[in-house]
Amino acid sequence: MRSGCFFHFHPFLFFKDYYHKLNKCLININYIKCRRFKNLIQYMKTDLKNILIIVTGLLFLSLPTLAQDDTEIPANVIQNQKCFKCHGDKFYSFFNESQGKQVKERMNPYFVFDSATFYSSNHKSFICTDCHSSDYSNFPHDGNLRMEAKFLCMDCHGGDDTYAKFNFEGVDNEFHQSVHSSRHDESFTCWMCHNPHTYKISARNTENLTLTIAYDNAICLNCHADIDNYQMLTEKENPNVLETHDWLPNQKAHFANVRCIECHAQTNDSLLVAHLILPKDKAVKKCVQCHQSNSILMASLYKFQSLERRNKAGFFNASLMNDSYVIGANRNIYLNIISLVIFGFIIMGIAVHSVIRILKK
Amino acid sequence: MSERLYLYPVWVRLWHWTNAILCLLLIVSGVSLQYSNPEYPIIRFDIAVSMHNIAGILLTLSYFVFVIGNLTTSNGRYYKTQLNGLFESLKKQFIYYTIGIFTHAEKPYPVTKDRKFNPLQKVSYLAAMYFFLPLIFITGWGLLFPETNLTNVFGISGLHLTALLHGIIGFFISVFMFVHIYFCTIGTTTLSNFKSMFNGWH
Ligand code: HEM
């Protein structure tokens, strides 16, 4: 808090923030007129001044004191607090100037976000106004702000080598061929599945596959099990996913151990998470596609783990490290060999025994 | 075998054949699931799943018929085993099966009214019925209701261990079945034991 009044940016996030802003502005210069470029220059001036203050400060302060500074609340948290004050709760209050008094009102529930989830999301280092107009700092918000065009993932991540491992271009390409993109207009964006205020990568660095599956499936169920969100996009009736999948035995176990995209998206070697959602008649329905040694799950759900752990796993199948057991897919090569050998001996023993019995009759 | 002994009462025969058919179905469907392969399906996967589940549930029921039957009727006495001298008697029977039988030696433990099984039979039936069968259906029910499994045993999923155990015991029971059927051909004639299991008379 202390430094919030003093510095625009927390010294340690200082350069990162510039990077974000510059990056965005440069990329979006043709896309939207970068309305915050002016602000940026303004910030740069103030912060240059602050740098000078820090440097002179360093001459007087010992290093340990500075190290303590590290534990301080990041600057974006302080900035965002202004927004979370209203957008973090069911109610908000403001000073109504024409009535001359403090008023408390209900917040639109769709506009309420949990700050803890935001600060653990991919974009946790952002200030709200990195993505939204800085004019939102004023309340009541200017009505015209509703018309602001929102950034898309590709505006920031497209062609950026920092994120090469995610292959954003590949994802974007698949997304545009998927049922969602092809059956709907531009308003069906990546944000529909990647909530801007909560999305956090899960499959890539999963510690607990069950949680990742639940996280990923919740993304789909957010529409496919929620009539309001679904009908925002289409007049169609929302088919009940529990009923349309009742052919799966122990459906609960399946939905908890396998992701929707395993059956609904075409796997692609260059992507960790397949994004090409196919029409329903192309979905995986044959049990053996998963339940066999050559399971499709090895190329999707267990892809990352089987790559990571294949070598380490040794005696057990790589996927033994997961909490699920996939009939037909989890085989143990050693046990298979041992059982074949034992069986061979038994059959041989029986054969020899019966031959001698016949001979000695 | 001059005297005829009535050794297999009706309930034993009914139980036994139900048990045998269920075990056969379970082995075939179980192998089909474990080695599921789209190119050479023994039984289509979803059919095999239903088959295996239904037969497994029925086997559990039939198992209790066996236990209760042996507790309440005199058939149970054939399974009573004395640990004293067990090893010696097993050895004797083993030598008979590997040597004596070919030299037409005397049976060390001929069937009598009070002794249906020779020591090897007794021990293998006890192991099959009171060790392997309970284990296979307990693990089987565990897989049917995965939420009842321990989630984690020393860092390895409990479900995995259950499945592993289930498969290994299934394998032992299959081995038992092969050996059992073969030994049943060692009767007065090759088929006489099978006839006994149908008409009850030894
Ligand atoms: C198609 C498969 C099978 C055939 C043809 C078969 C055949 C026979 C025959 C002929 C007997 C009477 C001989 C004797 O008393 O030793 C018998 C007894 C017995 N079998 Fe089987 N059997 C089969 C499967 C099984 C299985 C799967 C089990 C258990 C897991 C089993 C357990 C027993 C037991 C416990 C007895 C003694 C029953 C008693 O008299 O109390 N059998 N079997």
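- For Ser32(B), no part sits under 4.5 Å from any heavy atom of chain A, backbone or side chain.
- Interface residue Ile346(A): only side-chain heavy atoms are found under 4.5 Å from chain B.
- Looking at Asn250(A) and His254(A), their side chains never bring a donor and an acceptor atom within 3.5 Å of each other.
- Interface check for chain B: of the options Ile338(A), Leu359(A), Ile350(A), the most heavy-atom pairs under 4.5 Å are formed by Ile350(A).
- Atom CD1 of Ile181(B) sits about 12.5 Å away from atom CG of Asn193(B), to the nearest 0.5 Å.
- Remark: the Asn75(B) side chain and the Tyr8(B) side chain contain no N/O donor-acceptor pair separated by less than 3.5 Å.
- Interface residue Ile347(A): only side-chain heavy atoms are found under 4.5 Å from chain B.
- Taking CZ from Phe132(B) and CG from Leu126(B), the interatomic distance works out to 12.0 Å, rounded to the nearest 0.5 Å.
- For chain A, the nearby part of Ile168(B) is the side chain; its heavy atoms alone come within less than 4.5 Å.
- Annotation: Tyr97(B) is in aromatic contact with Phe183(B) [ring centroid separation under 6.0 Å].
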